[in-house]
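Worksheet: one structure, shown below.
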Amino acid sequence: MLRKFGLTLCLLLAASWTMAGEFYFYGETDKNPLEYKPGEEMVFTVQLLEDGKPVSGKTLKWTRRGDDGQTVSGEAVSDEPLVVKTSMETPGFVHLNVTGFDAEKKPLKNGEKNAPSFDGGAGVRLSEIQGWPEPADFDAYWNGQKAKLAEVPMTVEKVEVDCGNPNVRCWDVKVACWGGAPVSGYLCIPKDAAAKSLPASVSYHGYGFSGANKRPSGNSITFDINAHGFLNGQPKEYYDNLSKTTLKGYAFHKQENEKPETAYFNGMFLRVIRSLQFVKSLPEWNGKDLSVSGGSQGGLQCLAAAGLDTDVTACHAVVPWCCDLSGKAKQNRLGGWFPEWTDALGYFDAANHAKRIRGKTTITVGLGDYVCPPSSEIVLFNNLKCEVNLTFFQGKTHGYNMPNAKSYMLKK
């Protein structure tokens, strides 16, 4: 196994990319990390690198956690690859974190920032990782919310803006929606497009406070909406103020989350539904090709979009947030960066919406992501009944991609 790892390191050294003066880790397991059996030994091999070369004399501290509730820690020196052996008896994931320190026991730095750690993982019996039962009236609830939305006329405000492409027209669009906040985004359509001639795509944003993006395309309708229905194209101070006032900590207020009608996600999901209704009303849409995409909270929204509107033909989610929201509270799995569980959140769990998706779905996730834990993404995968490709990357967290990381795909 070490010989194989040494070959991988040689390939890394020969790779065309370099990260001069920067520390980073490369790590892998002795087999496909998605295929371990209960009690089978998992062997992680992790090497600290600088300028693409193994570096010695640094302290490595590692911690193994798991969905089995066990935690083990250790320390080593980077003179040779770190080897950590572990196992797990129950369905779930192991998470291994390795961090580097200098001679003064201070975290290794790349410039002013801490060097990235290795965050990786491996799983056992993935098909047996299941979520908490969805609310019994899940479909009835969303049918009721759609009925409320239908009572709001789809009034549209459009202001044409420049998108940087002379062949594409762009508008700052606001579409009336239930709950007070409109759908707010940038719509781009190729000039002189014929009626019913174009596919359409709608994109959604991650957690935060930014306006919509202009995404001009020469051969499709694109509609990118912000997450909150506020204004687009404003100075940074506008968004900073909202993050500190009316939107501070949004979606995490437990009192709001006690009832589905008052949860922040409720209004967000209704804007998602209306964004699709608006795009489908455009004369240029071809009436058949409708895709949705987004990362993190945007992944949550696009999965909800595909589940709540069966006209969606393709869904592309990257590290989707808020799958298996009850995993920690109800099943003692390693938790993510999720709102504290209430039964009302079951109406917004992306894994529950996934059961209703018909369009082809592609998902990209990380084995070291504990904003959106691997177990939560597997609950999502297990719930999907459509054609789906899910790709795990070793060493990938929510915001970091390990160089030359190996990928592992699951398909249905």
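It should be emphasised that the depicted structure is a prediction, and the values quoted were computed from it without experimental measurement.
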Exercise for the section: Start with the C-alpha distance between His228 and Leu242, add both sets of side-chain angles, then the distance that settles side-chain contact (heavy atoms from CB on, under 4.5 Å), and finish with yes or no. Expected result: CA-CA 10 Å; His228 308 289; Leu242 289 170; over 6 Å; no
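- Here Leu48 contributes atom CG and Leu108 contributes atom CG; the two are 6.0 Å apart, rounded to the nearest 0.5 Å.
- To the nearest 0.5 Å, atom CG of residue Asn257 and atom CG of residue Asp343 are 11.5 Å apart.
- No more than 12 heavy-atom neighbours from other residues, nucleotides or ligands sit within 6.0 angstrom of CD on Gln255.
- Looking only at distances, no side-chain donor or acceptor of Glu134 sits under 3.5 Å from a matching main-chain atom of Gly346.
- When all heavy atoms are compared, the tightest approach of Leu367 to Pro33 is CD1-CG, 3.7 Å.
- Side-chain contact of Asn97 with Thr99: a donor-acceptor pair under 3.5 Å is present, judged by distance alone.
- Side-chain contact check for Val292 versus Val272: every heavy-atom pair is 4.5 Å or farther apart.
- Residue Thr391 comes nearest to Ser407 through the heavy atom pair CG2-CB, 3.7 Å, listed as atom of the first residue, atom of the second, then distance.
- Shown here is Lys259, whose NZ atom has no more than 12 heavy atoms of other residues, nucleotides or ligands within 6.0 Å.
- Minimum interatomic distance between His398 and Cys372 (heavy atoms only, all atoms of both residues): CE1-SG, 3.5 Å.
- Side-chain atoms of Asn232 never come within 3.5 Å of backbone atoms of Asn213 as a donor-acceptor pair (strictly under, hydrogens ignored).
- No side-chain heavy atom of Lys328 sits less than 4.5 Å from a side-chain heavy atom of Phe338.
- At most 12 heavy atoms of other shown residues, nucleotides or ligands fall within 6.0 angstrom of atom CZ in Arg125.
- A donor-acceptor pair under 3.5 Å is absent between the side-chain atoms of Thr63 and the main chain of Lys61, judged by distance alone.
- Between Pro116 and Tyr24 the shortest heavy-atom distance is CG-CB, 4.2 Å.
- Geometric assessment of Arg64 against the ring of Phe44 yields a negative cation-pi assignment under the 6.0 Å and 45° thresholds.
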Compile the donor-acceptor pairs under 3.5 Å between side chains in residues 316-325 and protein atoms, sequence neighbours left out, one pair per line.
from	atom 1	to	atom 2	distance (Å)
His316	ND1	Thr362	OG1	2.9
Trp321	NE1	Trp337	O	2.7
Asp324	OD1	Arg333	NH2	3.3
Asp324	OD2	Arg333	NE	3.2
Asp324	OD2	Arg333	NH2	3.1

Exercise for the section: With side-chain contact (heavy atoms from CB on, under 4.5 Å) as the test, would you mind laying out the steps for Tyr347 and Glu261 before giving the verdict? Expected result: CA-CA 10 Å; Tyr347 295 95; Glu261 295 87 352; over 6 Å; no
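- Residues Leu276 and Asp311 fail the side-chain proximity criterion, which asks for heavy atoms closer than 4.5 Å.
- With Glu387 contributing its side chain and Lys412 its backbone, the two residues share no donor-acceptor pair below 3.5 Å.
- With hydrogens and angles ignored, the 3.5 Å screen pairs no side-chain donor or acceptor of Lys105 with any backbone N or O of Thr59.
- Lys248 NZ: 12 or fewer foreign heavy atoms inside a 6.0 Å radius.
- Annotation: Lys385, atom NZ; neighbour count of heavy atoms from other residues, nucleotides and ligands within 6.0 Å is above 12.
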Problem - Worked verdict on Ser293 versus Ser203 for side-chain hydrogen bond (donor to acceptor under 3.5 Å, both in side chains) - result: CA-CA 5 Å; Ser293 63; Ser203 49; 4.9 Å; no
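- Relative orientation of the Tyr250 and Phe209 rings is perpendicular, given thresholds of 30° and 60° on the angle between their planes.
- Nearest heavy-atom pair, Leu345 versus Pro339, reported as atom, atom and distance to 0.1 Å: CD1-CB, 4.0 Å.
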Practice task
Take Val46 and Val84 through the test side-chain contact (heavy atoms from CB on, under 4.5 Å) and record every step on the way to the result.
Solution key: CA-CA 8 Å; Val46 182; Val84 177; over 6 Å; no
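- Taking all atoms of both residues into account, the shortest heavy-atom contact from Pro54 to Gln47 is CB-NE2, 3.6 Å.
- Listed for the Thr71 side chain is no donor-acceptor partner under 3.5 Å among the backbone atoms of Arg65.
- Under a cut-off of 6.0 angstrom, the local environment of NZ in Lys360 is sparse, with at most 12 non-hydrogen atoms contributed by other residues, nucleotides or ligands.
- When atom types are taken as modelled, the side chain of Ser78 and the backbone of Val55 share a donor-acceptor pair closer than 3.5 angstrom.
- In this structure, the ring of Trp142 has its center less than 6.0 angstrom from the ring center of Phe348.
- The 12-atom threshold is exceeded at NZ of Lys214, counting heavy atoms of other residues, nucleotides or ligands nearer than 6.0 Å.
- No hydrogens or angles considered: a donor-acceptor pair under 3.5 Å links the side chains of Lys396 and Asn401.
- Between the side chain of Arg271 and the backbone N or O of Ala227 there is at least one donor-acceptor pair closer than 3.5 Å.
- A donor-acceptor pair is defined here as one N or O able to donate and one able to accept, closer than 3.5 Å; such a pair exists between the side chain of Gln130 and the backbone of Ser127.
- A donor-acceptor pair is defined here as one N or O able to donate and one able to accept, closer than 3.5 Å; no such pair exists between the side chain of Asp68 and the backbone of Met88.
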Exercise for the section: Step by step, work out the side-chain contact (heavy atoms from CB on, under 4.5 Å) result for Leu270 and Gln145. Expected result: CA-CA 8 Å; Leu270 288 173; Gln145 293 303 301; 3.8 Å; yes
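- Annotation for Asn143: atom CG counts as buried by contact number, over 12 foreign heavy atoms lying within 6.0 Å.
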Exercise for the section: Assess whether salt bridge (Lys or Arg N to Asp or Glu O under 4.0 Å) is satisfied between Lys106 and Asp102, documenting all intermediate values. Expected result: CA-CA 5 Å; Lys106 295 181 180 179; Asp102 62 20; over 6 Å; no
Practice task
Take Asp30 and Thr45 through the side-chain hydrogen bond (donor to acceptor under 3.5 Å, both in side chains) test and state the conclusion after the steps.
Solution key: CA-CA 8 Å; Asp30 60 325; Thr45 305; over 6 Å; no
Practice task
Any chance you could lay out the side-chain hydrogen bond (donor to acceptor under 3.5 Å, both in side chains) test for Asn383 and His353, step after step, and finish with the verdict?
Solution key: CA-CA 9 Å; Asn383 283 357; His353 287 278; over 6 Å; no
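- For Thr155, the side chain to side chain donor-acceptor pair (under 3.5 Å) criterion is met by no residue, not counting sequence neighbours.
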